[in-house]
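Structure, as structure tokens:
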Amino acid sequence: MNIITGGVTAPKGFKAAGIHCGVKDNFTTPVPDKKDLAMVLSDVPCAAAGTYTRNVVKADPVILTKEYLADHKAQGIILDSGNANACAPKGMENAKRMAAAAAAATGLAPQDFAVCSTGIIGVELNITAIEAGVPALVAALADTEQASNDAAHAILTTEIGGKTVTVGAIAKGSGMIHPNMGTMLCAVTTDCAIDGAVLQDMLRHIVTKTFNRITVDGDTSTNDTCVVLANGLAGNAPITGPGADYDALVEALRYVCEYEAKMIASDGEGAGRLVTCTVQGAASEEQAELMAKAVVRSPLVKCAIFGTDANWGRVLCAVGYSGAEFDPKDVEVKFLSQAGELKVCAGGQGVPFDEDLAKKVLSEPEVVILVTLTAGDATCSCWGCDLTYDYVKINGDYRS
């Protein structure tokens, strides 16, 4: 396997573009340099799969995309930022108009597009700006890395059936992330040939172990969507079920999704540090996940990391209320980073440690909280970020 650059356009037959069309011009001061409309398009029809928010309050683009992808077929994705089109006047009408605009400009059908939106909730979508901008968006489509928004995204190349298969992805990192399905907005592309229903099952399994293990602030968005398009242009024999080729694609897709999940966690609004909690030695993976997610979700743990305070008691507290079953006397806690390793708890009790070293360890951009038990051999990692002043500032005036 080779990790390469290129973004969502790296697989054969995919193009992308992002432009400013003025989605927020009817709500706040225009920001001409802010790209707010994007498209990912395949040269040929694709097998498609999607995962969606489990929030009872679902944005109309989520409902529409789920309907359009029910047959596991699509060819493109159109996305806007600045307006979530959730709980908004004319929500479904405007979501359909987005798909129709994409279809009209590309010669495809509206049902060939997944529709994704993110931004302010409850405000009517500026659909006229989107409809006016789509022709320019389509004209800008290209298969370059620049067209993939100049971002560093996870790409994995592997061999399937003797053919080189590439997986690419772009994802929106932000606050209001506590996925219970996939992620905020994520578009994944691959030139692998695979049955759509098989791809759907594969994605659902992978999402539970990647995107569902990140949390920025404990809020599950109304718009969470992850869509995978597979156009088959790699030329491999189509994957129709379990086997070596299936396993190879699972490995590649999981790698990309986990990479994106970590990037989203580290890119939480105002975030200064990526925080990983790994629980090892648990009785089951489910128990380990409960504990690890509770730690990275804890506001007190997040604040401690922001303040470079080795407050291990907050870690133990979060593990304790996670709902997992364990013996408190069977817990060891360490903080780790590139600056070193620091044991702060053993046997459920505090141990002496160097406060200066603690500051150095917790000051690094990436910090790992390692919780070790002796109840079994299960391990799970979950990802989050610290809680900073900027998070409160950004979300305090987000609507205005």
Side-chain angles (χ1 to χ4, degrees), residues 1-16 39-51 65 68-77 108 112-114 116 141-145 147-148 151-171 182-183 185-211 225-261 263:
M1 295 186 296
N2 299 309
I3 302 171
I4 62 173
T5 59
V8 77
T9 59
K12 295 178 181 177
F14 283 98
K15 296 181 176 67
M39 181 179 288
V40 177
L41 187 69
S42 171
D43 293 341
V44 298
C46 302
T51 57
T65 295
Y68 281 0
L69 266 59
D71 61 356
H72 304 302
K73 296 178 182 178
Q75 195 163 338
I77 308 170
L108 299 174
D112 291 327
F113 284 88
C116 298
L141 287 169
D143 60 0
T144 63
E145 188 169 1
S148 192
H153 298 292
I155 306 296
L156 187 68
T157 300
T158 188
E159 291 285 326
I160 293 182
K163 303 293 184 179
T164 298
V165 168
T166 304
V167 179
I170 56 173
T183 182
L185 295 182
C186 184
V188 183
T189 57
T190 179
D191 45 21
C192 182
I194 182 171
D195 175 80
V198 173
L199 181 61
Q200 180 66 53
D201 289 341
M202 183 183 293
L203 177 64
R204 186 178 296 112
H205 173 74
I206 289 170
V207 156
T208 62
K209 297 180 182 295
T210 55
F211 293 122
T225 303
C226 178
V227 174
V228 180
L229 300 180
N231 65 17
L233 292 182
N236 62 291
I239 297 172
T240 58
D245 291 349
Y246 179 97
D247 293 343
L249 184 60
V250 166
E251 184 179 0
L253 189 58
R254 175 167 178 170
Y255 182 94
V256 169
C257 289
E258 182 175 309
Y259 182 96
E260 291 291 324
M263 291 293 288

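Because only heavy atoms are used, hydrogens play no part in the values below, and waters and symmetry mates are left out as well, while side chains stay in. Predicted, not measured: the structure shown is a model, and the values here were computed from it. Residue numbers run from 1 in the order of the sequence given.
In terms of heavy atoms, V165 sits closest to C192 at CG1-CB, 3.5 Å. Scanning all heavy atoms of the two residues, the minimum distance from T189 to V40 falls at CG2-CG1, 3.8 Å. Residues T210 and C257 approach most closely at OG1-CB, 3.7 Å, considering heavy atoms. Here the shortest heavy-atom pairing between A142 and T9 reads O-CG2, 3.7 Å. Nearest heavy atom pair, residue L185 against residue C116, reads CD2-CB, 3.7 Å. Between F113 and Y68, the shortest heavy-atom distance links the atoms O-CD2, 3.3 Å.
Note: L249 CG to M202 CE = 4.5 Å, rounded to the nearest 0.5 Å. Here the CG atom belonging to L69 is positioned 8.5 Å from the CD1 atom belonging to I77, to the nearest 0.5 angstrom. One finds the NZ atom of K12 at 6.5 Å from the CG atom of D191 (value rounded to the nearest 0.5 Å). To the nearest 0.5 Å, atom CG of residue L203 and atom NE2 of residue H72 are 11.0 Å apart.
By the 4.5 Å heavy-atom criterion applied to side chains, V8 and F14 are not counted as neighbours. Put simply, the side chain of L41 reaches to within 4.5 Å of the side chain of L108, judged on heavy atoms. Residues N236 and I194 form no side-chain contact, since every pair of their non-hydrogen atoms from C-beta on lies 4.5 Å or further apart. By the 4.5 Å heavy-atom criterion applied to side chains, L141 and M39 are counted as neighbours. Contact of the N231 side chain with the L229 side chain is not registered, since no non-hydrogen atoms from C-beta on lie closer than 4.5 Å.
With sequence neighbours left out, D247 forms a salt bridge (Lys or Arg N to Asp or Glu O under 4.0 Å) with no residue at all.
At distances below 3.5 Å, not a single donor-acceptor pair connects side-chain atoms of Q200 with backbone N or O atoms of A49. Without hydrogens or angle criteria, T51 side chain to R204 main chain gives no donor-acceptor distance under 3.5 Å.
Under a 4.0 Å N-O distance rule, the pair K15/D43 qualifies as a salt bridge.
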